[in-house]
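All remarks here apply to the structure that follows.
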2 protein chains.
Amino acid sequence: MLTIGQLAAYAGVTQRAVRHYHQIGLLPEPQRDSSGYRSYGAQAVVDLIRIRTLAEAGVPLARVQDLLEAGEEEFAAAVAEIDSRLRAEIRDLQEHRRRIARLAGGDSLALPAEVVAYLDKLRASGASEAMVAGERDAWILIAARWPEKIPAFMADKSAQLDDPRTVRLYLLIGELAAGGMDEAEVTDLDEDRLGEVADLMAEMNEESAQRGDLERQSEEMGDDAFIALMDSFASDSHPMVQRLQELLAERGWTGWSRMERTTSPDTSRAARGVAPG
Amino acid sequence: MLTIGQLAAYAGVTQRAVRHYHQIGLLPEPQRDSSGYRSYGAQAVVDLIRIRTLAEAGVPLARVQDLLEAGEEEFAAAVAEIDSRLRAEIRDLQEHRRRIARLAGGDSLALPAEVVAYLDKLRASGASEAMVAGERDAWILIAARWPEKIPAFMADKSAQLDDPRTVRLYLLIGELAAGGMDEAEVTDLDEDRLGEVADLMAEMNEESAQRGDLERQSEEMGDDAFIALMDSFASDSHPMVQRLQELLAERGWTGWSRMERTTSPDTSRAARGVAPG
DNA sequence: TCGAGGGTTGACGCTGCGTCAAGGTCAAGC
DNA sequence: GCTTGACCTTGACGCAGCGTCAACCCTCGA
């Protein structure tokens with residue numbers, strides 16, 4: 001008669017595994033000797049080896065019993081099913097490998113290739129790393145919401161970067177962002193830059209509107225809640241955004257992620273002494 | 001501001017997953033609103049999407065944080081390591097598929113091909129299914145103990161099956177086994193068969209001994225405990241085995257799985273009136 | 001005001017054991 | 001007879017990544 005350790009050694013498994021099989025009823029509990037030790041016969045070794053053979057072939061323990069008792073046909077069917085499960089798992093892992101491989105570059109985390117290309121172009125145009133990171137996060141959000149529209153968006157944005165005014169715009173914004181923009185620290189230089197930025201944006205919005213781009217955009221991005229989220233993302237990122245929104249409001253524009261014309265320019269700030277563009 | 005459900009929807013995950021990430025500290029707990037609801041900003045969506053991107057690429061959650069904070073070099077190294085882990089898992093699963101495929105036939109469970117071939121030959125020689133099953137289990141044990149010796153063993157056994165006496169032996173044993181062999185039911189016919197079996201075994205043992213096979217066997221199978229296990233396996237399987245051992249003892253042989261000559265024939269049963277072979 | 005559809009924490013379940021913890025048992029050597 | 005070390009026992013937590021109740025609170029529209 002064998003102890004559990006001997007049994008386990010003969011079958012090439014751990015004692016813990018044997019106890020586990022007892023616990024789940026896969027291997028019957030043997031008799032105990034006078035001191036309470038489990039006492040196994042040779043049949044247990046055979047049973048255990050057959051269990052292990054199936055388990056090591058990827059059969060879930062819960063199905064091992066059935067398989068051992070199955071006739072040829074059921075057995076073949078079950079084997080086929082288990083094999084297809086294994087194939088599916090392998091497919092999943094291969095998909096993981098493909099995804100992992102695509103994560104090689106830093107920006108590509110969660111971003112389609114078009115956006116990565118755009119960000120590279122943006123960086124090349126002289127935009128600061130902080131700005132690129134901000135854009136990246138924004139596009140992560142947009143790509144999650146409208147993945148199918150990313151190619152079109154990116155074509156637009158990329159074309160805009162060919163306009164020197166856009167480059168200038170990002171440069172100015174980068175400088176403003178670098179400056180901190182805390183309440184007390186707004187310099188005259190900052191004010192000048194803000195004015196120029198607002199002017200540029202208003203000008204380019206006007207052109208977009210005339211091309212009908214803005215209208216198209218409003219239709220495509222009909223999810224107001226999501227737009228609000230994007231706007232809050234922008235204004236959370238830097239206090240400058242709020243200031244710019246005010247300046248833009250004076251120039252007849254509202255919104256941020258999705259610009260819209262106001263019926264009448266807001267002149268409240270002008271009344272308070274700030275000259276409109 | 002977003003509730004957990006909205007956050008989860010934007011990022012394409014379940015609420016449970018989000019709470020899980022909070023629990024393991026992967027995503028910081030956001031502020032609560034007046035009613036205790038979690039209240040998320042847009043940044044949380046971005047963070048969550050980046051976490052998911054890594055997780056869906058097979059990165060263990062425990063490593064996601066590191067990867068998100070890693071520089072390019074560490075990131076590349078980590079990615080390489082994760083990829084090799086994925087490859088290893090795929091290899092394991094493919095190994096499982098290979099094993100599963102080999103389990104197509106019934107006997108092959110836990111048996112090398114040589115043994116399956118031998119069992120088929122045995123079956124073809126007219127042995128009963130019960131006998132084949134017994135042999136199969138015995139060889140499962142032996143293959144587990146001495147896998148490397150199986151080919152040689154099987155060559156021997158297969159050759160033995162070419163001897164008509166061996167076929168006769170198995171036939172007789174099969175008939176005896178089918179009969180039950182309970183104490184009260186031992187018929188004269190059974191006695192005759194037992195005698196013939198014992199004679200045949202003694203005769204063939206003698207020849208084996210003269211060829212030196214037995215000695216070689218004793219050297220190769222030096223594990224006495226294992227031999228005792230095999231013997232107990234045999235005698236557990238059918239009471240006939242004990243009777244045969246007695247008869248063989250009268251003819252000068254002891255053991256079962258590994259036969260050895262006794263120094264002097266046991267004549268105790270002869271003394272009690274049973275005629276030796 | 002009520003019901004539907006949000007949200008909250010807490011806890012178990014799944015897979016296949018590994019790994020303590022806190023002991024009792026056995027064989028061997030002193 | 002005592003110690004030592006290698007066995008054995010049961011019980012319980014841990015692991016990865018959530019799914020799925022349970023039991024209860026909050027909010028909003030009809």
Side-chain angles (χ1 to χ4, degrees), chain A residues 1-27 29-40 44 48 50-67 82 85-86 88-89 92-93 95-96 99 225, chain B residues 1-27 29-40 44 48 50-67 82 85-86 88-89 92-93 95-96 99 225:
Chain A
M1 288 303 191
L2 307 172
T3 67
I4 195 171
Q6 294 168 322
L7 168 71
Y10 277 133
V13 306
T14 65
Q15 305 181 18
R16 184 61 183 87
V18 175
R19 293 203 188 97
H20 184 59
Y21 298 156
H22 288 325
Q23 220 175 343
I24 65 179
L26 191 49
L27 192 65
E29 281 272 4
Q31 300 214 282
R32 307 298 183 110
D33 67 15
S34 59
S35 61
Y37 288 14
R38 291 177 179 85
S39 177
Y40 299 89
L48 186 50
R50 304 179 82 200
I51 290 170
R52 282 311 293 179
T53 304
L54 289 173
E56 283 168 8
V59 178
L61 293 187
R63 303 213 45 196
V64 165
Q65 190 83 35
D66 297 348
L67 270 184
I82 289 164
R85 190 175 55 75
L86 290 174
E89 282 181 40
D92 289 353
L93 287 177
E95 173 64 19
H96 285 177
R99 285 169 187 260
Chain B
M1 288 303 190
L2 306 171
T3 66
I4 195 171
Q6 294 168 324
L7 169 69
Y10 277 133
V13 307
T14 64
Q15 306 182 16
R16 184 63 181 85
V18 176
R19 294 204 185 97
H20 184 60
Y21 299 156
H22 288 325
Q23 220 174 343
I24 64 178
L26 191 49
L27 191 65
E29 281 272 3
Q31 300 215 278
R32 307 298 182 110
D33 68 13
S34 57
S35 61
Y37 287 17
R38 291 177 179 84
S39 178
Y40 300 90
L48 186 49
R50 304 179 81 201
I51 289 170
R52 281 312 292 179
T53 304
L54 289 173
E56 282 168 8
V59 178
L61 293 188
R63 303 213 46 197
V64 166
Q65 191 83 36
D66 297 348
L67 270 185
I82 289 164
R85 190 175 55 77
L86 289 174
E89 281 181 41
D92 288 354
L93 286 178
E95 173 65 19
H96 285 176
R99 284 168 187 260

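Both backbone and side-chain heavy atoms feed into the values below; hydrogens, waters and symmetry mates do not. Chain A is the first sequence line, chain B the second, and so forth, proteins listed ahead of strands; every chain is numbered from 1.
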Can you tell if the side chain of A/Leu67 reaches within under 4.5 Å of the side chain of A/Ile82, non-hydrogen atoms only? yes
Kindly say whether, by distance alone, the side chain of A/Tyr21 makes a donor-acceptor pair under 3.5 Å with the base of C/dG16? no
5'-most contact on DNA chain D: B/Pro60 or B/Asp33, nearest heavy atom basis? B/Pro60
Distance, nearest 0.5 Å, that separates CE of A/Met1 from CD of A/Gln6: 12.0 Å
Does a side-chain N or O of B/Thr3 approach OP1 or OP2 of C/dG7 to a distance below 4.0 Å, or not? yes
Check the phosphate of C/dT8 against B/Ser35, side-chain N and O only, distance under 4.0 Å to OP1 or OP2. Yes or no? no
Which value, rounded to the nearest 0.5 Å, describes the distance between A/Arg50 atom CZ and A/Leu27 atom CG? 12.5 Å
For A/Arg19 and C/dT19, is the shortest distance between a side-chain N/O and OP1 or OP2 below 4.0 Å? no
Under 4.0 Å, heavy atoms only, any strand: does A/Arg32 hit a base, just the sugar-phosphate, or nothing? sugar-phosphate
Counting any heavy atom closer than 4.0 Å, what does B/Arg52 reach on the DNA or RNA strands: base, sugar-phosphate only, or nothing? sugar-phosphate
So, is B/Arg38 near the phosphate of C/dG6, with a side-chain N or O under 4.0 Å from OP1 or OP2? no
Would you kindly compare B/Gln15 and A/Thr14 by the position of their nearest DNA chain C nucleotide and give the one closer to the 5′ end? B/Gln15
Heavy-atom donor-acceptor pair, A/Arg38 side chain to A/Arg19 backbone, under 3.5 Å: no
Taking for each residue the nucleotide of DNA chain C with the nearest heavy atom, is it B/Ile4 or B/Arg16 whose nucleotide lies nearer the 5' end? B/Ile4
